[in-house]
Amino acid sequence: AIINYTGFFKIIKKFNKNFLSNKGKFKEAFEKVVCCEGQEAEALGDRMEMLFAKWFCGRNVLDARVQILPKRGDTLEMDWTQLRLGFHLGMCAILALWVCWDCIWGLVRDGKSSIGARTAFPVFRACGGLLLIHWFWGFSVVMWSRYRINYIFLFDFDPRTVRTPIMIFDDAVSETLVYLVLMLLYYKAGAHDIPEIFAVTPGIFPFILVLYTLKKLLFPWRMRAPLWRSIRDVVSTPLTSPIFFHSFVADWFTSMVKVFQDMLWATCFVLSGDFLLSEDEDQTRHAWEHRFWYKNVVIPLICLAPLWFRFNQSLRRYVDTGKRWPNLANAFKYALSQTVTLFGAFHPLYLYYQDKPSRKESGFGVDLFQVLWMGLFVSSSWDVYMDWGLGRPNMKFLGPRLMYPKRMHYYGVIFIDLFLRFMWVMTLVPPQSGASFVLPSYLTVITMSLELLRRTLWGLFRLENEHRHSTDNYRKVDFVPLHFSTGHAHQYKQKDSVGWSVLGEVTLVNLGVILVMVVSVVAAQRAAHQNDVV
């Protein structure tokens, strides 16, 4: 029904363009006769669910839907691709333990973090944030596919370029391996644990990571081009009319403020040539970090830009649809968040220092904190009631036609979102602004990761709500086909030569591990010999 309706809609739209004198000739017949906007098919589906619930599930419609729609797994038999994925996951686990051990040992031995306190750590934090988003995207695709939420249809993706969950995780694991190896080499080079014959400036490794991240963001271009075109449309709002995927990307941008700030730091770190300097040299580095244009212009703009994009999208949706609700209310929500950022960045009356207690006693800081709490309440309530379609008192504060099987998942996510939203609101105040309640820098990694996790959970239930009914009228019909199959199944087919390539890769990795072990033993013996001499 949805395919027929869409086809007729496109045909009549083309007819109205080419024959202006007969424009609207088929409007009545189209709206009342053709396919009935999929209503008959949807009513038949509802009737079958009710019958199944009555006969087999004690009239529990939610349980009936879960049983009628079997959970969709990957359906792949064990093959060489999965073997390679498991092998890479094991390597990632070992490297992650190695990096964590070095951090703990450095903290115990020297009294400070051996990696987190290093000068180029923001580069690893920025690339790590992007990597974490890649992992969360794979998890989201698994959940949407498992519970038949048709993300391909909702996002208007081309099925020929959509990657399967196992492909996404395979890419993420490979990227994680490179990330951990470069982080470990950066630490070893700075601690002088690498033999002199292999010793290089430690900043080379963050530089290599930046180049590798750029490569993964741009290539293969056929797979990356749709995302970059969507980002272009998001940035150019309100000149372009947003679609659902554009609003989804802009919402993600609001959760990536800390990632964007670290990306700016990494860009300045590379372009200024600071990565070529030795970390042992006693000289003023990163002078650009304390300049006015960096601290008082670009950083606040990065905090404001995602909110500005989303604000403009809401206004453009109002212009396109003519509906004040919910578009103007959504615009007000983002305007409130922008107000918090502007006051936190530029208003000196909201700042105080310990040597000036009179500022602390003023009511301005309290007022801004109240605005923060107001933004927290408005944003969290909007998530639950508007974005997720939950919070209906007549449905036990949930919503109709739930697609995830357990109600406790919904209640749990509502509570988690309220807690993690507080972390997000605190990120609206730019760092180095001087505000008394700015989060300390050592918590940035934790708050950034928690916010990305919150946005992932938000996306799971946002897609479910959009699948159940068109919340913002992005679609012509309130009907979405279930996600039974996709057009990318042919990508599962692998040639027989894949097995040999995987075996070759395993052999090369083993040889590399042996080489690392030999180098580590040589370096340890040399360091012990030098200590004996001293």
Side-chain angles (χ1 to χ4, degrees), residues 2 38 41-76 135-155 157 162 164-166 168-169 244 248 380-381 383-421 452-471 475 478-486 489:
I2 186 66
E42 188 172 2
L44 180 60
D46 293 339
R47 183 168 176 267
M48 294 301 298
E49 291 174 355
M50 294 298 297
L51 289 175
F52 192 91
K54 178 181 178 180
W55 292 340
F56 304 105
C57 302
R59 300 182 182 276
N60 190 323
V61 180
L62 181 60
D63 290 344
R65 293 193 187 111
V66 173
Q67 294 185 32
I68 291 174
L69 300 178
K71 298 177 180 62
R72 183 175 184 270
D74 198 18
T75 68
L76 281 178
W135 278 101
F136 284 154
W137 172 252
F139 172 76
S140 300
V141 171
V142 169
M143 296 298 294
W144 292 329
S145 301
R146 183 176 178 82
Y147 294 104
R148 310 289 185 181
I149 297 173
N150 200 340
Y151 70 99
I152 300 177
F153 180 87
L154 295 172
F155 286 151
F157 284 169
V162 172
T164 61
I166 194 171
I168 297 173
F169 284 128
F244 176 67
F248 188 84
S380 183
S381 301
D383 285 348
V384 175
Y385 195 82
M386 298 299 299
D387 291 343
W388 297 347
L390 305 177
R392 274 53 176 178
N394 59 333
M395 298 180 181
K396 298 181 180 180
F397 292 96
L398 296 181
R401 299 179 57 83
L402 303 179
M403 302 184 70
Y404 296 116
K406 295 187 180 298
R407 289 187 174 92
M408 290 305 299
H409 293 167
Y410 293 89
Y411 293 122
V413 168
I414 290 174
F415 174 78
I416 293 173
D417 183 77
L418 178 63
F419 172 75
L420 296 182
R421 265 291 182 182
L452 296 178
L453 173 62
R454 187 200 66 82
R455 183 57 66 180
T456 301
L457 297 176
W458 173 90
L460 295 178
F461 293 90
R462 179 68 182 93
L463 262 289
E464 184 217 20
N465 189 32
E466 187 66 22
H467 182 106
R468 288 188 277 119
H469 49 79
S470 181
T471 55
R475 305 188 307 274
D478 191 15
F479 178 79
V480 178
L482 291 173
H483 183 54
F484 284 101
S485 61
T486 63

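Values reported hereafter were calculated over all heavy atoms of this structure, with side chains retained and with hydrogens, waters and symmetry mates removed. Because the structure is predicted, anything quoted here is derived from the model rather than measured. Along the sequence shown, residues carry numbers from 1.
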Only counting residues at least two apart or in another chain, list the ones meeting side chain to side chain donor-acceptor pair (under 3.5 Å) with Y410. E464
Not counting sequence neighbours, which residues clear side chain to side chain donor-acceptor pair (under 3.5 Å) with W137? List them please.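 Scan of W137 (side chain to side chain donor-acceptor pair (under 3.5 Å), adjacent residues dropped) gives none.
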Just distance, no hydrogens or angles: give the donor-acceptor pairs under 3.5 Å from side chains in residues 391-398, sequence neighbours left out.
unit_1, atom_1, unit_2, atom_2, d
R392, NH1, Y385, O, 2.9
R392, NH1, L390, O, 2.8

Residue pairs involving residues 52-62 (criterion side chain to side chain donor-acceptor pair (under 3.5 Å); sequence neighbours excluded):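 Qualifying pairs: N60-D63.
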Once you round to the nearest 0.5 Å, how far does [atom1] of [X] lie from [atom2] of [Y]?
X    : Y    : atom1 : atom2 : answer
H409 : L460 : NE2   : CG    : 11.5 Å
R455 : L452 : CZ    : CG    : 10.0 Å
T164 : F169 : OG1   : CZ    : 10.5 Å
F415 : S380 : CZ    : OG    : 11.0 Å

State, yes or no, whether a side-chain contact exists between [X] and [Y] at a heavy-atom distance under 4.5 Å.
X    : Y    : answer
D387 : N465 : no
Y151 : V162 : yes
F244 : R462 : yes
I166 : I168 : no
L154 : F248 : no
F155 : L463 : yes
Y147 : P405 : yes
V413 : W458 : no

I'd like to know if the side chain of R468 reaches the main chain of L402, judged simply by a donor and an acceptor atom lying under 3.5 Å from each other, with no hydrogens or angles considered. no
Is a side-chain N or O of H467 found less than 3.5 angstrom from the main chain of N150, in a donor-acceptor match?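 Yes, the answer is positive, given that a donor and an acceptor are paired below the 3.5 Å cut-off.
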Y411, OH atom: more than 12 neighbouring heavy atoms under 6.0 Å: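 Yes.
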Identify, with sequence neighbours excluded, every residue that meets ring-ring contact (aromatic ring centres under 6.0 Å, His included) alongside [X].
X    : value
F56  : F52
F136 : none
F139 : none

Sequence neighbours left out, what passes salt bridge (charged side-chain N to carboxylate O under 4.0 Å, His left out) with R401? Give chain and number order. D46, E49
Smallest heavy-atom separation, P400 atom then G389 atom, equals CD-O, 4.3 Å
Please state whether the rings of W388 and F461 are parallel, tilted or perpendicular, taking 30° and 60° as the class boundaries.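 Rings of W388 and F461: tilted, as their planes differ by 30° to 60°.
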Applying salt bridge (charged side-chain N to carboxylate O under 4.0 Å, His left out) as the test, list every pair that has at least one member in residues 404-420; sequence neighbours left out. D417-R454
